[in-house]
Every structure is written in C-alpha cells, then in structure tokens.
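A short worksheet on the structure shown next.
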Amino acid sequence: MRCKNLFKFNPKDLKVSLKNGISIMEPAELRKYTLTHSDETGELFLTIGNEYDNDSIDYKVRDEVLGIWVKKDKYYLLLSVQLDNGEGILNTTIRDKIFREELPIAIQAIICGDNLFIENNKELYDAKVLVKFNSGINEYNCVEDWGYIKDYNYDKLRSDGENQDITSSYNQNVFPLPGPVIPIPQPPIPIPIPNPYSYDKNKAKNRIIENALITILDRYIRNEVFTLFGKNTPYCLKRAEVINARVTNNYGPCTEQYEITIGLKVGKNPPFYNNMIITFVIDEKNIKVKNVKNPRKI
C-alpha cells in the first residue's frame, strides 16, 4: 500500500500537552498517548499523561488513536483504534479503510510529539509499532505489525524523500503478539437501539435510487470483478451498496461531476463485509473507474 498522505504531516499542526506531571524523563510504562484531530483546521492534538485523555475524545466519532508502551523482553509501542461505533458492518469497513490511510500520520505525530523522550531513550527507535484494530467483527479485530519507531522519524523521512513507502512491508499480515495481548482500555461505545416497527420512506426511496444506479453501472462492475477475482466470479447486485457519493466538480448550473463508491460482496461464498470497493467518476459524457480495492488487502 502506498499511503499518499504520509508526507503531509507537518509538525507545526501538532499541539502537544503533558498532563498529570508527566515529563520527558518518566519511564516508558507510565506514558499513555491520546491523539485526536480537528477536521476544520487539520490540527492534531496529542496528550501525553499517565492516563488517557478521555475528555478530548469525541464519543460520536471515535477517531482517536490511543497508545501505550509495553515491554516483552523489548519495548514495543501498542496503538489502538476503534473500528465499530454502533453503525453496522458497512461503517466498520469504511472506518477500517480510513484508519489505515491515516495511521502513518498518526504514528508520526506521536513520535514527533514525544521526540525528546525518545531521544533520551534511543533504544526505542528500534522498538516495534503494533496496531490493535478493535472490532466486534472477527475479520477486522486484529493486531498488526506496522514497522519500527525509526521508520516514522519525521526528520529521516523528510531527508529520504517522498518516494519512500514505509508501510508496504508491514501492515499486510496479522502480527502474533508474544503472550497475551495487553488491552488498551476503551471508553464505552454508545450503540443506538433501532425501532423494529419504524419505516423511513426516505430511506426506502433512496435505496431504490441506489439500486437503479448500481444496475446502470453493472457492466463496469462486471468487468472489474472478473479482472480482480477471475472470469465468471459470481456477485449479487442486490447486495451491492453505495457507500459514498459526492460532487467533485461543478461545470455550471446544470452539470456536475460525481464520485460514487460502490461496495460489493464477491465470490461463491461471499463474506458479510464488502470485499470489493469500486470508485466511479461520472459526468454527462463519461463513466470511468477511478480505483478498485479489496479492503482486507489494503
């Protein structure tokens, strides 16, 4: 995987707070990291303390990254993200993709924000970075190896240039931890309870529109399915979903360009999650495939 956002990290956007008397001299075991961000300003906020900064967590969004140092013979940095936020499997798939794209920036921010401590303990540059993806869905609930602390050293990355891909060798396979996984405490997730007797006419109408759009795109979908999974691989349009839709260009009062992302469950024994995601660019003259991904291969 090539993470395009990797070199967009700017230390000037990072705000660091030391809490509960923590200092650059405290032992690694006492340091807990809470990283959040602002969508409006692009700023990153890192709190370093002996407890997680629960006050900074948006419980409706749950996009924080938590971190702790663990020692099993050697130190490793264990980070934790929450994929489920009570909105179902589709949302978990999308959140998994987004976290994977943005994690290199988050790891850089944590290492840059606590660089004085790491400089005082240079052996930590050789420490592993492990990421715990928390989910109630087995296929997404895993611990992965994301390289070493030294791979995310901001000054080194900047001097090496933008062609370096630091994540391609690491985040493909589940990494077995030695001994039991030390869990990172997670704040409770508010899960809405649906009313089984409710019927939303707007949702029903939107689903009909989505089905019509997916049917129109079927010949393009079929070509991409056969290319990625092999000829005559089965898939069901009725199980396909529009997982994102946005206007990318406006050519005037009556003409726009759209980006539509379709999720599919492909195969003779398809999984319950979307194992294929196709993004289309559509305007009045053309339908083009922008990219095709398998979320579990990202």
Side-chain angles (χ1 to χ4, degrees), residues 5-6 8-71 75-86 92 95-96 98-121 124 127-135 140-144 146-147 149 151-154 171 177 181-191:
N5 292 330
L6 178 59
K8 290 184 180 180
F9 171 70
N10 187 343
K12 294 181 180 179
D13 295 331
L14 178 63
K15 312 297 181 185
V16 182
S17 300
L18 298 177
K19 289 195 173 183
N20 303 323
I22 207 79
S23 74
I24 62 172
M25 304 304 296
E26 299 295 328
E29 292 90 337
L30 298 182
R31 309 181 85 78
K32 293 184 178 180
Y33 303 104
T34 307
L35 182 70
T36 59
H37 75 280
S38 169
D39 288 331
E40 289 76 19
T41 66
E43 291 179 304
L44 296 165
F45 303 96
L46 176 65
T47 301
I48 307 171
N50 55 24
E51 298 293 341
Y52 296 112
D53 185 9
N54 293 326
D55 293 336
S56 68
I57 296 173
D58 186 338
Y59 290 93
K60 295 180 180 179
V61 179
R62 296 307 309 276
D63 57 359
E64 74 282 354
V65 178
L66 304 179
I68 188 172
W69 292 99
V70 180
K71 190 171 185 180
Y75 280 109
Y76 60 86
L77 179 62
L78 178 61
L79 304 180
S80 176
V81 297
Q82 183 65 45
L83 297 184
D84 302 340
N85 66 351
T92 297
R95 287 170 63 85
D96 179 76
I98 293 173
F99 269 121
R100 290 174 181 276
E101 291 176 344
E102 302 298 335
L103 264 170
I105 296 176
I107 298 170
Q108 278 187 274
I110 291 172
I111 294 170
C112 180
D114 209 13
N115 66 316
L116 292 179
F117 168 74
I118 296 174
E119 276 292 312
N120 285 334
N121 299 271
L124 293 179
K128 281 279 189 182
V129 178
L130 304 183
V131 180
K132 175 69 172 73
F133 294 87
N134 293 294
S135 173
Y140 290 90
N141 190 59
C142 61
V143 178
E144 293 183 357
W146 278 63
I149 295 292
D151 295 332
Y152 296 90
N153 184 296
Y154 177 74
N171 57 358
L177 285 179
V181 174
I182 299 178
I184 295 181
Q186 293 286 320
I189 305 172
I191 300 178

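Quick note: residue numbers are just sequence positions, from 1.
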Rounded distance [0.5 Å steps], [atom1] in [X] versus [atom2] in [Y]:
{"X": "L130", "Y": "E144", "atom1": "CG", "atom2": "CD", "answer": "10.0 Å"}
{"X": "K128", "Y": "L78", "atom1": "NZ", "atom2": "CG", "answer": "13.5 Å"}
{"X": "N141", "Y": "F133", "atom1": "CG", "atom2": "CZ", "answer": "11.0 Å"}
{"X": "S135", "Y": "Q82", "atom1": "OG", "atom2": "CD", "answer": "7.5 Å"}
{"X": "I110", "Y": "L77", "atom1": "CD1", "atom2": "CG", "answer": "6.0 Å"}
{"X": "W69", "Y": "F117", "atom1": "CH2", "atom2": "CZ", "answer": "6.5 Å"}

Heavy-atom side-chain proximity of [X] to [Y] below 4.5 angstrom:
{"X": "V65", "Y": "S80", "value": "no"}
{"X": "Y76", "Y": "V129", "value": "no"}
{"X": "I68", "Y": "V70", "value": "yes"}
{"X": "I24", "Y": "N120", "value": "yes"}
{"X": "L79", "Y": "W146", "value": "no"}
{"X": "L103", "Y": "V131", "value": "yes"}
{"X": "L14", "Y": "V16", "value": "yes"}
{"X": "K19", "Y": "N50", "value": "no"}

### Query
Taking the side chain from N20 and the backbone from G49, do they hold a donor-acceptor pair closer than 3.5 Å?
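Checking the backbone N and O of G49 against the side chain of N20, no donor-acceptor pair under 3.5 Å is found.
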Heavy-atom pair with the smallest gap, counting every atom of [X] and [Y]:
{"X": "I57", "Y": "R62", "answer": "CG2-NE, 4.0 Å"}
{"X": "V61", "Y": "R95", "answer": "O-NH1, 2.8 Å"}
{"X": "D63", "Y": "H37", "answer": "OD2-CE1, 2.8 Å"}
{"X": "G113", "Y": "L46", "answer": "CA-CD2, 3.8 Å"}

### Query
Between L44 and I105, is a side-chain contact (heavy atoms from CB on, under 4.5 Å) present by the stated rule, with each step listed?
CA-CA 10 Å; L44 296 165; I105 296 176; 4.1 Å; yes
### Pairing of R31 and E29 as salt bridge, 4.0 angstrom limit
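No, no charged N to carboxylate O under 4.0 Å.
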### Query
Is a salt bridge present between D96 and R100, judged by a nitrogen-to-oxygen distance below 4.0 Å?
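So D96 pairs with R100 through a salt bridge.
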### Message
For the residue pair K15 and F45, would you count it as a cation-pi contact if the rule is NZ or CZ under 6.0 angstrom from the ring centre and within 45 degrees of the ring axis?
### Response
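The answer is no, since K15 fails at least one limit relative to F45.
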### Task
Dump the intermediate steps for side chain to side chain donor-acceptor pair (under 3.5 Å) on D58 and T36, then the final yes or no.
CA-CA 9 Å; D58 186 338; T36 59; over 6 Å; no
### Message
Quick one, F99 with L83, criterion side-chain contact (heavy atoms from CB on, under 4.5 Å). Give me CA distance, side-chain angles, the key distance, then yes/no.
### Response
CA-CA 8 Å; F99 269 121; L83 297 184; 3.6 Å; yes
### Criterion side chain to side chain contact (heavy atoms under 4.5 Å, CB included) against T47, the qualifying member of D53, I22, N54
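Of the listed options, the one satisfying the test is D53.
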